[in-house]
**Q** 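Below is a structure I'd like to ask you about.
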Amino acid sequence: MKNRVALALCLALVAARSLHVNAQTGMPSGTPPTPLESLQLASSRPGQPVDAPTASGRQDSTQSSDGLPKWIGLGAQYRGRVEATRGLATVGGRDDSYYLNRLRLDTTLTPSPWLRGFLQLQDARVFGYGTGQAPRSHANSVDLRQGYVEVRRRSRAAVTLRVGRQELSYLDQRLIGTSDWSNTARSFDGARVIVAPAAGITVDGFAVRVVRIEPGRFDRWRTDEQVFGAAVTSDRMRSKSSVAAFLFAKISDVVEGESGVRGDAAIYTLGTRAAGTLPRGLDYGVEVALQRGHAAGDRQSSWAGHYRAGWLIPVGAPMRPRLTAEMNHASGDRDPRDGRRGTFDQFFPTNHSKYGIADQVGWRNMREVAVGLELYPVRAFKLLVDVHRFDLSTIADGLYNAAGVRTVLNRAADSRDVGREVDLQGTFTLGKAWTLSAGVSCLLPGRYLEQSSVARTMWTPYLMWTAKF
Ligand SMILES: [Ca+2]
């Protein structure tokens with residue numbers, strides 16, 4: 001029933017859309033960027049579109065050429081992806097190929113310069129998924145992905161308040177992000193307030209609950225967990241540099257402690273990030289996060305870091321070659337029974353392509369070094385080659401995948417060497433609306449995985465097309 005009503009609504013929106021002649025250029029399916037989000041310095045990757053601005057600001061209420069009042073904006077985004085996995089031994093050696101289909105329809109209402117409403121419906125499906133019930137990250141038929149009201153006050157300190165179902169994306173999305181690579185992606189229910197007290201300074205806070213994807217029924221927020229946070233960012237646009245400090249908190253009603261006792265949990269992540277460009281084509285990004293708190297009587301004590309350098313060599317050369325080198329690490333739990341939780345909690349990240357595109361490694365109990373090359377053989381074609389080496393932080397804890405799930409645990413192993421991954425990705429931009437991208441990753445198991453009976457080389461090719469109207 002829910003599907004039929006929502007589908008009818010979708011069709012009506014599509015019909016209205018087809019009448020909408022003067023398409024607003026770059027109308028995305030996301031939310032408008034804050035200064036915080038728009039500073040995605042040299043870190044955008046295929047499959048992680050950076051939000052573009054939506055229609056906003058003063059609009060009169062006269063009708064546009066398509067018959068719709070000008071304060072109504074419509075948009076749509078389509079994304080399809082063929083994905084295959086070969087040798088995915090960490091979850092049982094399943095080989096599969098399937099097609100991920102996603103349609104988003106947006107309506108933006110701007111009845112006055114200080115008031116904006118945004119509604120986004122999403123239909124996410126998977127075809128040909130052969131290994132049992134499709135995970136919630138793949139399929140969720142027509143549902144409300146975003147629906148919020150935004151009030152802006154433009155005075156000496158600009159204030160924006162957004163209440164409702166919305167995307168959240170902070171800094172490099174290593175802790176709070178939309179996870180857009182996932183077919184269903186992520187949104188939150190709650191409130192966010194953004195204050196700009198001075199030029200280049202942003203204070204941004206939120207209190208939300210994550211939306212639980214529920215195929216076949218209306219998605220509702222998680223009742224057993226709350227997420228709070230605040231970030232202060234200083235952006236210097238001229239040098240394209242940004243420095244931020246943040247505090248994110250996750251409060252859970254019931255978790256299980258190391259001794260098996262159940263109780264509530266409060267995990268606090270305090271961190272800082274700096275990113276920017278330097279002379280001679282150099283750029284950098286550093287993020288460090290420290291975690292404290294408690295979980296069912298255990299003490300949380302963990303930390304993680306990210307360090308990246310990029311070099312455009314030489315500036316102005318053909319194909320714009322850029323070399324990157326990076327290191328990432330996150331603490332693990334050194335003793336499963338000492339009442340101290342050492343495994344870093346990655347919260348709600350956008351992890352795809354951050355620690356390899358095979359998504360077999362998350363920001364938990366890990367160490368990584370990676371080098372990459374970025375090229376533009378032609379202007380509309382971007383090519384990326386990345387090589388990663390992964391190790392565990394401690395053998396006492398296991399391997400966690402991009403979703404944060406522990407997939408391998410082998411305390412008897414004598415090596416922390418998880419493996420090496422080679423990623424090749426290409427993105428072709430076709431006009432303003434279409435993007436075509438393809439990639440393949442190859443994960444070669446290291447000694448740790450071999451000793452854990454995960455000896456197959458894993459291949460994950462994909463082909464993806466995206467259209468935005
Ligand atoms: Ca422990």
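Here, residue 1 is the first one in the sequence, and each next residue gets the next number. Just so you know, ligand 1 is whichever comes first in the structure, and atom 1 is the first atom listed for that ligand.
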**Q** State whether the number of non-hydrogen atoms from other residues, nucleotides or ligands found under 6.0 Å of Tyr268 atom OH is greater than 12.
**A**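 Incorrect, the count does not exceed 12.
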**Q** Less than 6.0 Å separating the ring centroids of Phe206 and Tyr170?
**A**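 Yes, close enough.
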**Q** Going by chain and residue number, what protein N/O/S atoms come nearer than 3.0 Å to the Ca ion (ligand 1)?
**A**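 Sorted hits: Glu258 OE1, Glu258 OE2, Asp333 OD1, Asp333 OD2, Asp335 O, Asp338 OD1, Arg340 O.
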**Q** Would you call Lys240-Asp283 a salt bridge at under 4.0 Å N-O?
**A**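 Salt bridge between Lys240 and Asp283, a charged N being under 4.0 Å from a carboxylate O: no.
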**Q** Looking at Glu167 and Arg145, is there a salt bridge between them, counting it only when a charged N and a carboxylate O are closer than 4.0 Å?
**A**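 Counted as a salt bridge, because a side-chain N and a carboxylate O are separated by less than 4.0 Å.
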**Q** Determine whether the aromatic ring centres of Tyr307 and His329 lie less than 6.0 Å apart.
**A**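 Aromatic pair counts; centres sit under 6.0 Å.
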**Q** State, without any angle test, whether Asp96 and Thr85 hold a side-chain donor-acceptor pair at a distance under 3.5 Å.
**A**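 Judged by distance alone, the side chains do not pair up.
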